[in-house]
Amino acid sequence: MSELRVGIAGVGVMGADHAERVVRKTSGARLVAVSDADQTRAEALAARLAGGSPYDNVRVVEDPLDLIAADDIDAVILASPGFAHAEQLFACLDHGKPVLCEKPLTMDAASALRVVEAEHKLGRQLIQVGFMRRFDPEYDALKQLLDSGELGRTLLLHNVHRNKTVPPSFRSEMIVRDSMVHEVDVARWLFGEEITRITVRTPKPTSLVGDGVLDPQLAVFELASGAMADVEVFVNFQVGYEVRCEAVAERGSATIGLGSGVFTRTGGQWGGAMPADFRIRFEQAYDLEVQRWVDATVRGEIDGPSAWDGYAAAAVCEAGIESLSSGRPVDVALADRSKILG
Ligand code: ISE
């Protein structure tokens with residue numbers, strides 16, 4: 001396979017971004033087709049990409065399942081809404097199509113586990129989950145530092161995750177499933193172990209979004225070894241996009257996410273710009289994620305978070321949503337990995 005022919009299902013904010021990325025920044029891949037529940041949006045995107053050959057023939061496919069089945073599509077990027085993922089992932093597995101699936105893998109742990117089992121039955125990994133922070137150079141450097149053992153064993157993570165604003169449709173549960181899920185993955189990845197318990201507490205909510213949305217949220221994750229991670233997620237922070245992570249280890253700590261943008265000191269003041277959203281802050285991570293997914297897919301592999309990682313995150317978020325309403329710690333019900341994957 002010399003050039004990977006890619007189809008994208010769902011071209012809202014993230015899918016449209018990935019379409020541009022595949023066309024303009026990714027080598028060894030070619031965007032063949034897009035689909036979206038909003039046909040007009042898909043057509044507008046295809047027209048926008050039609051600036052010059054060879055991309056002036058990106059076609060719009062009405063049904064995402066037809067896009068997945070198409071003979072001229074080798075691999076799929078799923079950026080459709082989370083509730084559509086399960087059906088589309090099963091279709092990818094049925095057709096043997098490698099897929100880069102935006103998070104969440106699916107909406108609940110039970111369906112995510114069915115996806116893991118179906119992929120395992122096929123005997124090869126076709127699913128990679130879009131936890132793009134693993135490709136961010138700062139997170140990557142932090143992971144390497146912690147793994148080197150230079151700071152001793154890692155004991156704690158403190159995380160901050162703030163969006164400037166989110167659409168009004170963003171409910172309290174989505175703060176767990178769509179935003180906090182990134183820290184769930186970061187904690188599992190940096191510690192290299194599973195989260196066994198989660199507590200989500202809700203401080204006084206911001207008055208700037210009404211309708212009972214519990215924002216910000218504070219969560220504590222407990223990991224199998226007894227290590228812990230905390231995170232403040234505040235998705236209507238108003239100022240800009242901010243993601244920080246401090247790892248505390250036996251012989252020191254390391255922080256990332258302090259220095260995005262130009263930091264100035266002048267006229268008795270210091271400061272810098274804040275990115276408006278995650279597409280700017282994590283642009284390099286998304287670029288690397290897609291390029292490495294394309295390269296690995298051509299080799300017949302995945303290179304990043306697996307279906308199991310997507311399932312484990314879904315199981316933690318499900319427990320987190322339960323804790324969101326009770327405020328109490330909830331144990332994570334995770335299937336036995338060795339029994340499922342052998
Ligand atoms: C969004 O869907 C993302 O995935 C961003 O990375 C996250 O920071 C944001 O809170 C989510 O809404």
Side-chain angles (χ1 to χ4, degrees), residues 8-19 21 77-85 100-107 128-140 157-190 200 202 205-206 208-209 213-219 229-245 256-257 260-261 274-290 293 304-305 309-310 313-314 316-317 320-321 324:
I8 302 185
V11 287
V13 175
M14 217 44 245
D17 217 49
H18 281 323
R21 177 168 290 111
I77 295 181
L78 277 193
S80 46
F83 62 78
H85 287 182
L100 176 60
C101 177
E102 273 303 324
K103 51 86 215 171
L105 182 66
T106 66
M107 298 297 276
Q128 185 170 322
V129 183
F131 289 129
M132 80 298 182
R133 290 194 192 173
R134 295 193 189 197
F135 298 88
D136 174 59
E138 286 190 31
Y139 271 103
D140 187 39
L157 295 181
H158 300 296
N159 300 277
V160 170
H161 182 169
R162 299 178 182 145
N163 286 47
K164 187 173 184 188
T165 53
V166 287
S169 56
F170 219 85
R171 313 299 306 165
S172 307
E173 298 75 27
M174 290 179 71
I175 298 177
V176 178
R177 199 189 288 121
D178 285 72
S179 299
M180 193 186 295
V181 68
H182 285 292
E183 275 74 25
V184 167
D185 184 61
V186 159
R188 294 183 59 252
W189 175 60
L190 288 181
V200 182
T202 52
T206 171
L208 301 181
V209 278
V213 175
L214 299 169
D215 184 31
Q217 299 182 6
L218 274 181
D230 61 54
V231 57
E232 169 212 311
V233 186
F234 187 8
V235 297
N236 289 281
F237 175 52
Q238 308 299 316
V239 188
Y241 187 73
E242 188 175 23
V243 166
R244 287 199 303 269
C245 176
I256 59 159
S260 24
M274 281 177 81
D277 72 21
F278 50 91
R279 284 169 302 165
I280 302 168
R281 162 65 179 87
F282 286 112
E283 184 178 355
Q284 220 185 331
Y286 284 121
D287 291 350
L288 287 167
E289 173 189 66
V290 171
W293 172 70
D309 293 315
V316 175
C317 289
I321 290 169
L324 178 67

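Both ligands and their constituent atoms are indexed starting at 1 by order of listing. The shown structure was predicted, so the numbers you read here are calculated from the model rather than taken from an experiment. Counting from 1, the numbers follow the sequence of the chain as shown.
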Verify, without hydrogens or angle tests, whether Lys103 (side chain) and Gly310 (backbone) share a donor-acceptor contact under 3.5 angstrom. no

What is the nearest protein non-hydrogen atom to [atom], stated with its residue, atom name and distance?
atom	answer
atom 1 (C) of ligand 1	Phe278 CE2, 3.6 Å
atom 9 (C) of ligand 1	Asn163 ND2, 3.3 Å
atom 7 (C) of ligand 1	His161 NE2, 3.4 Å
atom 12 (O) of ligand 1	Phe170 CZ, 3.5 Å
atom 2 (O) of ligand 1	Lys103 NZ, 2.9 Å
atom 4 (O) of ligand 1	His182 NE2, 2.8 Å

Evaluate Lys164 against Asp277 for salt bridge (charged side-chain N to carboxylate O under 4.0 Å, His left out), listing each step before the verdict. CA-CA 7 Å; Lys164 187 173 184 188; Asp277 72 21; over 6 Å; no

Does either side chain, that of Arg133 or that of Tyr139, offer a donor lying less than 3.5 Å from an acceptor on the other one? yes

For Ser179 and ligand 1, does the shortest N/O to N/O distance drop below 3.5 Å? yes

Would you kindly specify which portion of Phe282 sits under 4.0 Å from ligand 1, judged on non-hydrogen atoms: side chain, backbone, both or neither? neither

Considering only heavy atoms of Met132, which atoms of ligand 1 have at least one such atom less than 4.0 Å away? 6 (O)

N-O pairing of Arg162 and Glu232 below 4.0 Å: yes

With side-chain contact (heavy atoms from CB on, under 4.5 Å) as the test, pick out the partner of Met180 among Val235, Val316, Ile321, Val233. Val233

Any side-chain heavy atom of Thr206 sitting closer than 4.5 Å to one from Phe234? yes

Kindly indicate whether the side chain of Cys245, heavy atoms from C-beta on, has any atom under 4.5 Å from the side chain of Leu190. yes

